[in-house]
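On a predicted model such as this, the values are computed, not experimentally measured, just so you know. Chain A is the first sequence line, chain B the second, and so forth, proteins listed ahead of strands; every chain is numbered from 1.
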Number of protein chains: 2
Amino acid sequence: MHFSWHALGVTTGLRERKKQATRAALHESALRLVAERGLDRVSVDDIAADADVSPRTFFNYFPSKDDAVIGLDPEHPLRLAEALSARPATETPVQALRAVHAAEAARMAAETELWPLRLQVVDAHPALAARLTASFARSEQVLAEWLAARTGTRAELDVQPTLLAAVQGSVMRSALHRWRAGDYTASLPALVAEGWDQVEAGFPAPRH
Amino acid sequence: MHFSWHALGVTTGLRERKKQATRAALHESALRLVAERGLDRVSVDDIAADADVSPRTFFNYFPSKDDAVIGLDPEHPLRLAEALSARPATETPVQALRAVHAAEAARMAAETELWPLRLQVVDAHPALAARLTASFARSEQVLAEWLAARTGTRAELDVQPTLLAAVQGSVMRSALHRWRAGDYTASLPALVAEGWDQVEAGFPAPRH
DNA sequence: AGGAAAAGTGCACGCACTGCAAACATGCGT
DNA sequence: ACGCATGTTTGCAGTGCGTGCACTTTTCCT
């Protein structure tokens with residue numbers, strides 16, 4: 001096959017493809033082993049062995065064991081920013097966020113293997129929950145800046161940008177929580193939408 | 001004296017007081033040193049030496065270096081639950097949360113030394129941010145259960161409890177963020193209240 | 001005072017993570 | 001096809017976190 005690999009900037013030589021494969025292998029080994037044995041009964045050496053690389057190589061791909069277990073795309077914040085600025089300028093911020101969330105939820109639900117496992121181990125190990133939340137947090141920061149730019153306010157001092165960015169994370173985490181609690185029978189995008197409905201409507205104000 | 005010391009487990013003999021003092025000393029040493037030098041230029045041994053205990057003793061008080069730097073009360077979730085159930089049953093959940101948040105914000109703002117330092121180091125070290133968020137997360141879990149009980153819904157499957165618990169955390173984190181961004185000139189309780197106003201009102205729905 | 005219980009301490013160990021330098025693989029120009 | 005430039009893997013050695021264990025010291029209670 002000599003036709004060019006174009007697609008999503010994914011273009012590949014052998015080198016790039018191998019890197020992707022190794023990264024995925026390490027992540028999947030880490031996730032599976034930890035799901036089976038628990039976090040402290042799996043060493044980095046175990047993971048490296050399972051993925052067939054040297055222990056030292058492990059750290060070329062992930063800065064820590066925890067990160068390998070979570071294994072999220074480190075460029076997610078970037079792609080989030082792109083997805084947002086691709087939305088029509090006529091939308092309100094919430095509309096744009098809903099749209100992006102819907103697409104993201106659909107993508108996540110499609111990984112029928114990884115996300116349930118991730119949620120399982122995250123639930124079993126608070127330290128991993130912290131890492132996962134930290135990953136989301138970096139996206140939230142990007143988001144707050146985008147929101148500030150979009151609404152023309154100063155990012156740091158107004159309520160809206162930083163609060164909405166945080167709330168958006170709450171919507172997603174709450175949806176993931178309920179997805180797992182219901183044994184993945186519900187549709188993740190639907191759960192996310194449900195959260196947004198609640199957020200848009202506001203929470204029960206004092207009865208008047 | 002033979003009458004029992006009951007109360008809130010608080011009062012005590014020399015033993016308990018010393019423990020409190022040692023814990024506080026370790027936390028303050030950790031926080032100050034990390035603020036000065038950065039997280040990876042401070043070892044557990046440094047902290048222990050600064051607080052005048054043996055390195056081994058350090059781990060009798062905190063399970064990790066990070067936890068010592070953050071140094072939050074491990075029983076916070078419990079006191080949160082108590083504070084909530086002390087609220088009159090006539091209040092809506094949001095009203096009760098606002099009240100509890102207001103008290104908490106006032107208490108935090110009163111620690112004029114610690115919180116600014118905490119926010120500084122948390123801002124400089126993502127790993128610490130993760131720990132801090134993890135601390136909040138446990139309170140959120142307690143909260144979700146309380147909300148579920150209060151509204152008589154099943155905790156795990158309905159939107160309200162888990163989402164509101166998460167959003168409450170968002171309000172607090174957003175307030176802390178803006179508090180720091182404004183160099184602590186604003187009133188923290190006011191910032192928190194501002195967040196709640198926004199949350200109660202709901203976010204800008206599609207223009208009609 | 002004296003013994004029980006709790007806290008502090010030293011020692012030894014396993015494992016996470018890092019810098020460095022050497023082997024190895026891949027891409028590219030000729 | 002060849003060989004050099006560049007990127008990737010690996011081994012080695014070192015630092016520092018965190019833990020189990022056994023022992024000493026301090027506080028508590030009668």
Value in whole Å for how far the P atom of C/dG8 lies from CZ of B/R15: 10 Å
Under 4.0 angstrom between B/K18 side-chain N/O and D/dT26 OP1 or OP2: no
Whether over 12 other heavy atoms sit under 6.0 Å from A/Q120 CD: yes
Neighbours of DNA chain D within residues 21-37 of chain A, by heavy-atom distance under 4.0 Å: none
Heavy-atom pair of closest approach, residues A/V69 and A/H27: O-CE1, 3.0 Å
Under-4.0 Å side-chain N/O to phosphate OP1/OP2 contact, A/Y61 with D/dT9: yes
Spacing between A/K19 atom NZ and D/dT9 atom C1', to the nearest angstrom: 11 Å
Side chains of B/H76 and B/E104, donor plus acceptor under 3.5 Å: yes
Side-chain donor-acceptor pair present, A/S135, A/R131, cut-off under 3.5 Å: no
Side chains of A/T57 and A/N60, donor plus acceptor under 3.5 Å: no
Derivation of the salt bridge (charged side-chain N to carboxylate O under 4.0 Å, His left out) call for A/D197 and A/R98: CA-CA 10 Å; A/D197 289 344; A/R98 282 192 79 136; 3.0 Å; yes
Spacing of A/R17 atom CZ relative to D/dT8 atom P, expressed in whole Å: 15 Å
Annotated protein contacts, base or backbone, on nucleotides 10-22 of chain D with a non-hydrogen cut-off under 4.0 Å, one of B, S, - each: BBB----SBBBB-
Value in whole Å for how far the P atom of C/dT18 lies from CZ of B/R41: 15 Å
Nucleotide C/dA6, atom P - distance to CD of B/Q20 in whole Å: 17 Å
Side chain to side chain contact (heavy atoms under 4.5 Å, CB included) between A/R180 and A/W115, intermediate numbers included: CA-CA 9 Å; A/R180 168 163 161 74; A/W115 273 103; over 6 Å; no
Test item: side-chain donor near acceptor, B/T133 and A/T133, under 3.5 Å: no
B/W179 and B/Y184 aromatic ring geometry - parallel, tilted or perpendicular at 30°/60° bounds: perpendicular
Working for side chain to side chain contact (heavy atoms under 4.5 Å, CB included), residues A/E91 and A/R150: CA-CA 11 Å; A/E91 284 181 331; A/R150 180 98 164 207; 4.0 Å; yes
Steps toward salt bridge (charged side-chain N to carboxylate O under 4.0 Å, His left out) verdict (A/E36, A/R32): CA-CA 6 Å; A/E36 286 170 9; A/R32 186 173 45 75; 3.5 Å; yes
Rounded (10°) bend between the five-pair end axes of the helix from C/dA1-D/dT30 to C/dT30-D/dA1: 20°
